[in-house]
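Order of the sequence lines sets the chain letters (A, B, ...), proteins ahead of strands, with each chain counted from 1. Side-chain atoms are counted along with the backbone in the values below, which use heavy atoms only and exclude waters and symmetry mates.
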Amino acid sequence: MPRRGVGWAAVLPPAVVPALVPALLVAAGGVLTAWAGGATERAGLNAVIYVTIVVALSMFSGTTGVISVAHVGFVELGAYLTALLTMPVAFKRQVMPDMPAVLRTVALPFPLAALVAMAVTGVVAAVAGAFLMRLGGLQSAVATFSLLLLVDSVVGNWHSVTAGPSPLVGIPIHATTTIAVAVALVTILAASVLRQSPLGLRLRAGRDDEVAATGSGIHVVADRRRAFVLSAAFAALGGALLSSTLGTISPDGFGLRMTVVVLTMLVVGGLQSLAGAVVGTVVVSVLTETLLRVENGTTLLGAHVKGPVGLSDVGLGLAFLVIVLWRPSGLTGGHEIALPFGKHTQQRKNP
Amino acid sequence: MSAFVQSLIDACSLGALYGLEALAVGLLFGVVRVANFALGTVVTTSAYALYAGRDAGLAGAVGLALVVAVVLCLAMERLVFRPLRTAPVATLFIASFAVAFTLEKTLLLAFGPDQRSFVFDRMPSGVVSVGGYYVTRLSLLTIVLVGVLLAALVGLLRGTSFGIRMRAASDDFAMARLVGVRANAVTAGAFAITGVMSVVVALVLSAQVGGVTPSLGTNVIVFALLGAVVGGLDRLGGAATGGFVVGATLSLLSSWLPDRLAGFDVSFLVAVVIALLLLRPGGLVRAGTMKERV
């Protein structure tokens with residue numbers, strides 16, 4: 001009879017096991033960069049927020065295999081909603097007098113504002129998802145891309161509410177590195193539980209063979225819509241963190257550029273696994289931050305180097321292409337990473 | 001009334017330009033199943049080549065741009081899209097996204113964000129009056145160029161051996177290979193043709209703007225792509241029509257939206273695009289080929 005693993009991982013519910021290594025990675029990264037302080041801490045904070053966003057995207061794209069180009073739109077919605085909801089009433093009355101009364105007369109504490117932003121974005125995704133999930137292949141990619149353009153153009157032009165294309169300033173800063181790490185950990189845990197849940201199993205069945213899954217009685221479209229809503233809500237949470245740590249947001253920061261960043265992170269790590277989302281985010285963040293420092297001039301191995309402006313963006317695009325061409329399943333190969341010690345609960349020893 | 005007719009004329013000229021780019025998107029998708037977002041950066045790169053060759057006169061500059069654009073398209077095919085031939089359509093789309101991003105940032109790195117201005121004396125400028133309405137000579141040229149290219153492309157696809165091979169590859173790639181069509185040559189040919197079309201778009205666009213910036217082609221490719229998908233990627237006519245409709249609608253929206261909603265032209269257009277994708281996912285002009293059944 002196969003013997004069950006006796007490592008300490010065996011005492012944990014199986015649903016949280018895939019979250020262990022990614023969570024440790026994020027926690028360690030957060031602590032180390034905070035300890036280094038200064039620019040490194042800011043870069044670390046940024047990476048931790050991206051972990052939330054990319055893991056949120058992987059809740060949908062990783063489990064369904066359908067690539068969504070719309071998620072940065074959800075991040076943008078979350079960021080703007082949180083910003084508008086947390087700004088003090090007096091400030092809004094003075095700076096943006098034309099804002100609708102619903103937004104102008106309320107100021108919520110950050111956690112509540114983030115929850116409202118998640119809920120609203122979830123509703124938007126539920127409505128959009130009811131239609132979008134019926135499409136497949138290129139139509140789906142182009143339709144989600146259109147949704148991103150829609151959010152982007154509304155935010156960029158609704159002057160009385162979002163300040164239009166110019167930056168929205170004076171957003172109260174509530175989120176600290178600790179809060180960002182905590183949110184990232186919660187998101188990783190949620191993604192892990194989703195994957196192991198009955199819904200997650202059905203989604204992955206639909207990803208691996210849609211026809212067979214449908215034949216087994218799985219309603220692929222309805223399940224994908226549920227995942228879409230959940231993942232959009234967490235993407236909005238990532239946006240909430242962004243606006244509440246930066247204090248200033250503008251439509252330029254989202255849109256196509258952030259979409260390329262987020263998709264590169266997901267693809268570099270490996271689309272299909274939770275570990276892939278986190279590893280990809282960490283690797284790409286380190287790469288772009290290094291190139292960004294070379295761009296600005298830095299001392300590397302005793303020599304002063306200064307690269308041309310735009311180097312980090314070119315590096316980002318190349319990283320994507322290199323991975324897609326030579327290792328299409330990503331650095332993790334689409335697998336989860338087990339702890340190096342103890343025994344994995346799912347591995348059984350031969351008698 | 002006259003304002004309305006005038007806005008229709010403007011719409012036709014923008015529609016023609018987007019239609020041409022959508023035609024390039026449709027051609028490539030038909031043959032290699034790549035919805036190539038990077039065509040926008042090919043347009044931008046061609047415009048920079050026109051800028052670099054501006055002292056050699058219009059013919060010299062266009063010659064240089066043709067070489068640059070075709071070489072760029074062939075390199076893209078060989079380095080990125082040929083190795084990815086068996087990848088899913090959505091992955092190819094995202095990969096073309098990354099190609100576009102990398103190229104655009106490389107242009108930014110090389111030329112900086114500021115506009116490089118140039119004008120060719122021999123490009124038409126000014127307006128002509130037709131029955132009381134004003135049409136810029138550039139729009140007339142655009143419409144003529146698009147018509148000529150469309151006719152040439154149809155002639156190529158229907159009348160030449162290369163065109164027939166290309167259509168065979170577009171219908172059933174594996175089967176075409178089995179009956180001796182040299183798939184790589186056909187694919188490379190399709191990419192090269194889109195390079196040539198991009199030069200035409202670059203010529204018109206840079207004349208409109210009076211120069212070139214690293215993001216010159218981005219708007220065009222976004223709307224041409226939406227148009228091509230809405231119109232139907234399986235037929236060249238569908239893609240071109242879709243591109244025309246999207247470009248013309250955008251132009252009409254920006255002239256006719258009330259002041260309160262000015263700036264939301266893109267929002268309305270995209271909402272219409274999403275609605276059309278849902279109502280007719282196969283495109284406005286549907287191909288006769290049968291969908292694979294399982």
[X] portion near chain B, given a 4.5 angstrom heavy-atom threshold:
X        : value
A:Thr264 : neither
A:Val260 : side chain
A:Leu135 : side chain
A:Leu316 : side chain
A:Leu318 : both
A:Val69  : side chain

Verdict with reasoning, A:Phe320 to B:Phe101, per ring-ring contact (aromatic ring centres under 6.0 Å, His included) = CA-CA 10 Å; A:Phe320 181 103; B:Phe101 182 78; 9.8 Å; no

Straight-line distance of [X] [atom1] to [Y] [atom2], nearest 0.5 Å:
X        : Y        : atom1 : atom2 : result
A:Arg257 : B:Glu104 : CZ    : CD    : 11.0 Å
A:Leu311 : B:Thr106 : CG    : OG1   : 10.0 Å
B:Leu278 : A:Leu132 : CG    : CG    : 6.5 Å
A:Ile67  : B:Phe93  : CD1   : CZ    : 10.0 Å

Region of [X] in contact with chain A, defined by heavy-atom distances below 4.5 Å:
X       : value
B:Ile94 : both
B:Leu79 : backbone
B:Phe37 : side chain

message = Before you tell me yes or no, could you show the steps for A:Phe131 and B:Leu277 under side-chain contact (heavy atoms from CB on, under 4.5 Å), namely the whole-Å CA-CA distance, both residues' side-chain angles and the distance that decides it to 0.1 Å?
response = CA-CA 10 Å; A:Phe131 306 108; B:Leu277 277 176; over 6 Å; no

inquiry  = Does B:Arg85, at its CZ atom, have more than 12 non-hydrogen atoms belonging to other residues, nucleotides or ligands within less than 6.0 Å?
reply    = yes

key: Top of A:Val324, A:Val154, A:Thr259, A:Leu263 for chain B proximity - count of heavy-atom pairs under 4.5 angstrom   =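 Result: the option with the highest number of such pairs is A:Val154.
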
Can you name the closest pair of heavy atoms from [X] and [Y] and give their distance?
X        : Y        : value
B:Val270 : A:Ser146 : CG1-O, 2.9 Å
B:Ser267 : A:Leu150 : O-CD1, 3.1 Å
B:Val80  : A:Leu321 : CG1-CD2, 4.2 Å
A:Gly317 : B:Thr102 : CA-OG1, 3.2 Å

Interface residues of residues 212-220 of chain B facing chain A - heavy atom cut-off under 4.5 Å =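 Near chain A, by residue number: B:Thr218.
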
Using a cut-off of under 4.5 Å for heavy-atom pairs, which of [options] has the most such pairs with chain A?
options                      : answer
B:Ile274, B:Thr91, B:Val99   : B:Ile274
B:Asp265, B:Val229, B:Leu269 : B:Val229
B:Ala90, B:Pro88, B:Ala98    : B:Ala98

